[in-house]
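Order of listing sets the numbers, starting from 1, for every ligand and every atom in it.
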Amino acid sequence: MKKISLTGIKPTGDLHIGNYFGAIKPALELADEYDARYFIADYHALNTMKNPDELNSTIRHVAAGWLASGLDPEKVIFYRQSSIPEVFELTTMLMAFTSKGLMNRAHAYKDAIQKNNKKGDDTDAGINMGLFTYPVLMAADIIIFDSDVVPVGEDQVQHIEMAQDIAQSINANYGKQVLKIPRAAVQENVAVVPGLDGRKMSKSYGNVIPLFAPEKTLKKTIMRIVTNSQSVEEPKDTQVCQIFQLYKLFSDTEEQNALAGRYRAGGMGWGEAKEELFRVVNRCLAPMRERYDAIMSDIPSLNKILEQGAKKARPIAAATVARFRKAAGID
Ligand code: ADP
Ligand code: TRP
């Protein structure tokens, strides 16, 4: 039997090329080798997104983004978290085995507390129980599908370790393997994709290159990349330049050597380097954008794909819940 790969993306904003290279592309590569289950973590997004129209459209955007990036719904079970009520039943069961202390140690919660303390606010100001118990819902997402590997970025590893802790304490309590223990799969070679200002590309820094923006917007965004004040004539260093780091993601070795040569030789301004970057980025993104636009112009078909995915996913989820209930004496 093939092993199972599972991951989710929280629909909290527009997808950018950091999401694509750091999360979507590696997950789709794993789908060749594993039985893949990929989903939209919409209840996770509810913790921060309280505007219904915005949340609704971001859910469709992320779903269309997965498909436009090449997810084949015949091959991958593709669904919305909110369509699998068993996940929330399992969450309640996991809660009984999750110490409050474990949640106190979660990075996201600790960061929120630290921010409040710095501002002199009440320690728990603005922190809802969804944020506090976030790792339990995520553990349920993972455990319910008997996942073996979870492709995620470095920032999510602590959550997977918590899912392992919770599942292990359940197995220890019942003296048998009721739940499978998952492990994180972090792609070491996917360095952090830099944003326009050279920091990690992230929607919270406002420095992103959107994945599905119209061509004109894409070009304008690339032209906004922050550079130093070197003149056209000066030779330039590929190592300290986010234009070149981004170029590497979209080009072959020959193109990279050619651009590196022009950097070394001098005589090429930043504007020209950005034009060359735009050319290769657009070459890669144009067909994806076309697929994205087509998918977004037919929301009923998109909804149908997600519903069909949920139909395939629910019996698997129900079997895990039934197994746990039996072990727990609630059958
Ligand atoms: P953001 O930082 O923009 O809020 P998310 O936290 O929603 O992005 O990330 C969703 C997924 O994309 C995660 O798996 C994360 O590791 C990955 N990711 C986000 N930004 C980058 C980046 N700049 N480089 C590589 N991977 C990224
Ligand atoms: N917490 C993840 C993120 O912020 C999203 C997510 C929710 C997830 N449930 C998951 C990822 C289960 C992997 C497995 O990016």
- [ ] Give a yes or no on whether the backbone of Asn47 and the side-chain of Asn128 come within a donor-acceptor separation of less than 3.5 Å.
- [x] yes

TODO: May I ask whether Lys10 places a heavy atom under 4.0 Å from ligand 1?
DONE: no

Task: Common cluster, Leu302/Leu71, ILVMFWY with side-chain heavy-atom separation under 4.5 Å - done: yes

Task: ligand 1-proximal atoms of His16, by part, heavy-atom distance under 4.0 Å - done: side chain

Open item on the list: With respect to Thr12, determine whether any N or O atom, backbone or side chain, lies less than 3.5 Å from an N or O atom of ligand 1.
Closed with: no

- [ ] Assess the pair Tyr109 and Phe132: is the distance between their ring centroids shorter than 6.0 Å?
- [x] yes

Task: Phe278 ring center near Phe250 ring center (under 6.0 Å) - done: no

TODO: Consider only side-chain N and O atoms of Asn116 and Thr123, and report whether a donor and an acceptor are under 3.5 Å apart.
DONE: no

- [ ] Could you check Tyr20, Phe212, Trp66 and say which one makes a ring pair (Phe, Tyr, Trp, His ring centres under 6.0 Å) with Tyr292?
- [x] Phe212

Task: Enumerated ligand 2 atoms positioned under 4.0 Å from heavy atoms of Lys10 - done: 4 (O)

Task: contact_flag Asn19 ligand 1 heavy-atom lt 4.0 Å - done: yes

TODO: Answer side chain, backbone, both or neither: which part of Asp155 comes under 4.0 Å from ligand 2, heavy atoms only.
DONE: neither

TODO: Write out the residue and atom name of the closest protein heavy atom to atom 7 (C) of ligand 2, then the distance separating them to 0.1 Å.
DONE: His44 ND1, 3.3 Å

Task: Arg283 and Glu255 ion-paired at < 4.0 Å - done: yes

- [ ] Taking only heavy atoms of Val150 into account, list the atoms of ligand 2 that are under 4.0 Å away from them.
- [x] 13 (C), 14 (C)

- [ ] Say whether Asn228 and Gln230, considering side chains only, have a donor N or O and an acceptor N or O under 3.5 Å apart.
- [x] yes

Task: Tyr79-Phe145 aromatic ring centre distance below 6.0 Å - done: yes

Task: Lys/Arg-Asp/Glu bridge criterion (N-O < 4.0 Å) met for Glu276, Arg279 - done: yes

TODO: Could you list the atoms of ligand 1 found under 4.0 angstrom from a heavy atom of Gly153?
DONE: 14 (O), 16 (O)

Task: ligand 1 N/O within reach of Gly18 N/O, cut-off under 3.5 Å - done: yes

- [ ] Record the part of Asp155 in heavy-atom contact with ligand 1 below 4.0 Å; permitted values are side chain, backbone, both and neither.
- [x] side chain

Open item on the list: Among all protein heavy atoms in this structure, tell me which lies nearest to atom 4 (O) of ligand 2, with the distance rounded to 0.1 Å.
Closed with: Tyr134 OH, 3.2 Å

Open item on the list: Once you restrict to heavy atoms under 4.0 Å, what part of Tyr38 touches ligand 2? Side chain, backbone, both or neither.
Closed with: neither

TODO: For Ile142, counting its heavy atoms only, list the atoms of ligand 2 lying under 4.0 Å from any of them.
DONE: 12 (C), 14 (C)

Task: Salt bridge flag under 4.0 Å for residues Asp32 and Lys75 - done: yes

Open item on the list: Taking distance alone, with N or O pairs closer than 3.5 Å, would you say Lys200 contacts ligand 1?
Closed with: yes

Task: Closest protein heavy atom (residue, atom, distance) for atom 9 (N) of ligand 2 - done: Asp141 OD2, 2.8 Å

Open item on the list: Between Tyr43 and Phe88, is the ring centroid distance below 6.0 Å?
Closed with: yes

Open item on the list: Taking distance alone, with N or O pairs closer than 3.5 Å, would you say Glu154 contacts ligand 1?
Closed with: no

Task: Check: Tyr263 ring centroid to Phe244 ring centroid under 6.0 Å - done: yes

Task: Ligand-residue contact atoms, ligand 2 with Ala41, heavy atoms, under 4.0 Å - done: 7 (C)

Open item on the list: For atom 5 (C) of ligand 2, what is the closest protein heavy atom, and at what distance to 0.1 Å?
Closed with: Gly8 O, 3.5 Å

- [ ] Establish whether Met129 and Leu131 are linked, either directly or via other cluster members, by ILVMFWY side-chain heavy-atom contacts under 4.5 Å.
- [x] yes

Open item on the list: I need the atoms of ligand 2 closer than 4.0 Å to a non-hydrogen atom of Thr7, numbered in the order shown.
Closed with: 11 (C), 13 (C)

Task: Polar contact flag for Val193 and ligand 1 (N/O pairs, less than 3.5 Å) - done: yes

Task: Ligand-side contact atoms (ligand 1) for residue partner Ala23, heavy atom cut-off under 4.0 Å - done: 11 (C), 12 (O), 14 (O)

Task: Identity and separation of the nearest protein heavy atom to atom 2 (C) of ligand 2 - done: Gln156 OE1, 3.3 Å

- [ ] Return yes or no for this condition: an N or O of Met201 is under 3.5 Å from an N or O of ligand 1.
- [x] yes

